[in-house]
**Q** 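The structure is given below, and queries will be raised subsequently.
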Amino acid sequence: MRKKIVAGNWKMNKTMDEAVALTSEIVNMAKDEVRNDAQVILCPPALYLTTIQKYITDLPNFAIAAQNVSDKLSGAYTGEISAVMLQSIGIKYVLIGHSERRQYFNEDNALLAEKVNISLAHGISPIFCCGESLNQRQNEDYIGFVKNQLTESLFHLSEEQLLNIVIAYEPIWAIGTGMTASAEQAQEMHAALRAHIASKYGQEVADNISILYGGSVSAASAPELFQAPDIDGGLVGGACLKSRDFTEIIKAR
Ligand code: PEP
């Protein structure tokens, strides 16, 4: 069955000292709270990946994710980080398709498909983010919009490749706004995305893909969200920067 996952996206926050302090606090508070079938994923800035990794090496339920990867293999791409580089330091997950990357760096579905391909080719599982804007939710077929994000960036994959993807549904209107989607709103989308996957890959594959919810998840909102049948955990932004809040969210899973 699919994994239960709580991932924390630190974005562009924390100095090295703060990053180390946050990691050791989370590890100390949460290491005995993570159930056997669950995974905690920390997504620090790239500069800290190898340092943070040392704190979780003996903890099988903890992993590290990069926040980004280049769609190019190597070469003259100043400032970029390749999948080969991430693989060479043992990174197992990468965030792909976060709405901030889509919005500020013009990453579209076709480019994201390339990033997915290059990550999988180097043994790195994409945490593929998708989600609609408030305008789309109010005026358009918002479920169709998010389904299409999956179709265009993931549905060229083989069944075996798809099983290495984690999906994170993150409605843009809920990210960093304090406006969490209700458990009903999130469940509606998660069930629709799972059905969409089943229509292409079959129910068994769909039942094995973890679909996380992201968007202002807090210690208060996590328990209800995580009880919904198609919500397999969370991708957490703001609340993962505080060890106590993040640990409470881990416990809710
Ligand atoms: C995110 O950016 O992935 C996120 C979910 O942020 P927040 O929890 O702060 O809304």
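Counting starts at 1 for both ligands and their atoms, following the listed order.
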**Q** What are the two closest non-hydrogen atoms of Gly178 and Ser216, and how far apart are they?
**A** N-OG, 2.7 Å
**Q** In Å and rounded to the nearest 0.5 Å, what is the CD1 to CZ distance from Ile172 to Arg137?
**A** 11.5 Å
**Q** To the nearest 0.1 Å, how far is atom 3 (O) of ligand 1 from its closest protein heavy atom, and which atom is that?
**A** Glu170 OE2, 2.7 Å
**Q** Could you check atom 1 (C) of ligand 1 against the protein and tell me its nearest heavy-atom contact, residue, atom and distance included?
**A** His98 NE2, 3.2 Å
**Q** Would you check whether Ser99 reaches within less than 4.0 Å of ligand 1, judged by its heavy atoms?
**A** no
**Q** Nearest 0.5 angstrom please: Ile175 CD1 to Thr180 OG1, how far?
**A** 11.5 Å
**Q** Return the residue, atom name and 0.1 Å-rounded distance of the protein heavy atom closest to atom 9 (O) of ligand 1.
**A** Gly238 N, 2.8 Å
**Q** List ligand 1 atoms under 4.0 Å from Gly176, heavy atoms only on the residue side.
**A** 7 (P), 9 (O), 10 (O)
**Q** How close do Trp10 and Cys240 get, heavy atom to heavy atom, and via which atoms?
**A** CD1-SG, 3.5 Å
**Q** Counting each atom of ligand 1 from 1 as listed, which ones have a heavy atom of Ala174 under 4.0 Å away?
**A** 10 (O)
**Q** Can you name the nearest heavy-atom pair linking Ser210 to Lys3, along with the distance?
**A** OG-O, 2.6 Å
**Q** Looking at ligand 1, is there an atom of it that comes within less than 4.0 Å of some heavy atom belonging to Ser216?
**A** yes
**Q** Identify the closest protein heavy atom to atom 6 (O) of ligand 1: which residue and atom is it, and at what distance?
**A** Gly237 CA, 3.3 Å
**Q** Compare every heavy atom of Leu235 with every heavy atom of Cys129, then report the nearest pair and how far apart it is.
**A** SG-CD2, 3.8 Å
**Q** Centre-to-centre under 6.0 Å for Phe155 and Tyr201, is that the case here?
**A** yes
**Q** Who's the nearest protein heavy-atom neighbour of atom 2 (O) of ligand 1, and how far?
**A** Lys11 NZ, 2.5 Å
